[in-house]
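Input: a single structure, listed below in C-alpha cells.
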Amino acid sequence: MAKLTVGSGINEYLAELQKLYGSTDKIVGRTIYEGAKVVTDAVHDEIAKLPESVATPVQKQGLMEGLGIAKMRTTMLSADVKVGMDGYNGHVTKKYPNGHPNVLVARSIISGTSWHPGKNDFVGRAVNRSRSQAESIMKKTCDEEIAKIMK
C-alpha cells in the first residue's frame, strides 16, 4: 500500500490557499475588468475610424462618450461584464428631444436600416482584433494577483 509523507510546510501552504479562496471574487473582478478595458479601447478606435458617410461627427462623438463597461454580474458559475453604448448623442429632433439614443445609432451602423443603408460591424471588428490581447492581459493580471497572495 502506498504511503504519503507530508512535509512541514503543508500548514503554511494550506493557509495561503485559504487566503486565495477568500480573494477569488476580487481577483476575478480585476481580471475581467482589465480584459474589458482592452476591448473598450479597441471599440473606441474603431468608432474613430468610421467614415463620415457611415456616421456623422455628432454620432461618432455620442458613441465615444456613451461607450463604457457595465457593472460586473456574477452567478454561481460565471462572472461577466458588458461593453456597450449608453446615453444619447447631441442630435436633437422632435422625436428624440434628448438626442438620438447611442444604442440605436450603433445598431443601425452595425446592421444597416432603411434610413441608414450599409452594414459596418465596427464592434465585431474591434472584438475580433482585441481578443487575443485581452486574453493575455487577463492571464497576466490573474497571475499577478495570485502571486501577491501566494508569496
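The figures that follow rest on heavy atoms only: side chains count, while hydrogens, waters and symmetry mates do not. All residue numbers refer to positions in the sequence shown, counting from 1.
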- [ ] Spell out, yes or no, whether Ile146 and Tyr21 are grouped together once hydrophobic residues are joined by side-chain heavy atoms under 4.5 Å, including indirect joins.
- [x] no
- [ ] Would you please name every residue forming a ring pair (Phe, Tyr, Trp, His ring centres under 6.0 Å) with Tyr96, sequence neighbours left out?
- [x] His100
TODO: Could you list who else is in Val28's hydrophobic cluster, with ILVMFWY side chains joined at under 4.5 Å, directly or through other members?
DONE: Ile32, Tyr33, Val39, Val43, Ile47, Leu50, Val54, Leu63, Met64, Leu67, Ile69, Met72, Val81, Val83, Met85, Val103, Val105, Ile109, Ile110, Phe122, Val123, Val127, Met138
- [ ] Would you mind listing the cluster partners of Met76? Hydrophobic ones only (ILVMFWY), side-chain contacts under 4.5 Å, chaining allowed.
- [x] Leu77
Open item on the list: Test question: given the 4.5 Å side-chain rule for I, L, V, M, F, W and Y, name all other residues clustered with Val38, or answer none.
Closed with: Ile137
- [ ] Could you name each residue pair satisfying salt bridge (Lys or Arg N to Asp or Glu O under 4.0 Å) that touches residues 44-68, not counting sequence neighbours?
- [x] Glu46-Lys49, Glu46-Arg125, Glu46-Arg129
Task: With sequence neighbours excluded, residues passing salt bridge (Lys or Arg N to Asp or Glu O under 4.0 Å) with Lys139 - done: Asp143
- [ ] Please list all pairs passing the salt bridge (Lys or Arg N to Asp or Glu O under 4.0 Å) test where one or both residues lie in residues 32-42, with sequence neighbours left out.
- [x] Glu34-Lys37
TODO: Under the side-chain contact (heavy atoms from CB on, under 4.5 Å) rule, collect the residues that match up with Ser23, sequence neighbours excluded.
DONE: Ile27, Ile149
- [ ] Specify the closest pair of heavy atoms between Ser130 and Ala42, including all atoms of both residues, with the distance to one decimal.
- [x] CB-CB, 3.6 Å
Open item on the list: Under the rule for salt bridge (Lys or Arg N to Asp or Glu O under 4.0 Å), what residues qualify as partners of Arg30, not counting sequence neighbours?
Closed with: Glu145
Open item on the list: Using 0.5 Å steps for rounding, measure from the CG atom of Asn98 to the CG atom of Asn89.
Closed with: 11.0 Å
TODO: Any pair with a residue in residues 69-80 that passes side-chain hydrogen bond (donor to acceptor under 3.5 Å, both in side chains), sequence neighbours left out, goes on the list, sorted by first then second residue, please.
DONE: Thr75-Ser78
Task: Residues that Glu135 engages under salt bridge (Lys or Arg N to Asp or Glu O under 4.0 Å), provided they are two or more places apart - done: none
Open item on the list: Lys140: which residues meet the salt bridge (Lys or Arg N to Asp or Glu O under 4.0 Å) condition with it, sequence neighbours left out?
Closed with: Glu144
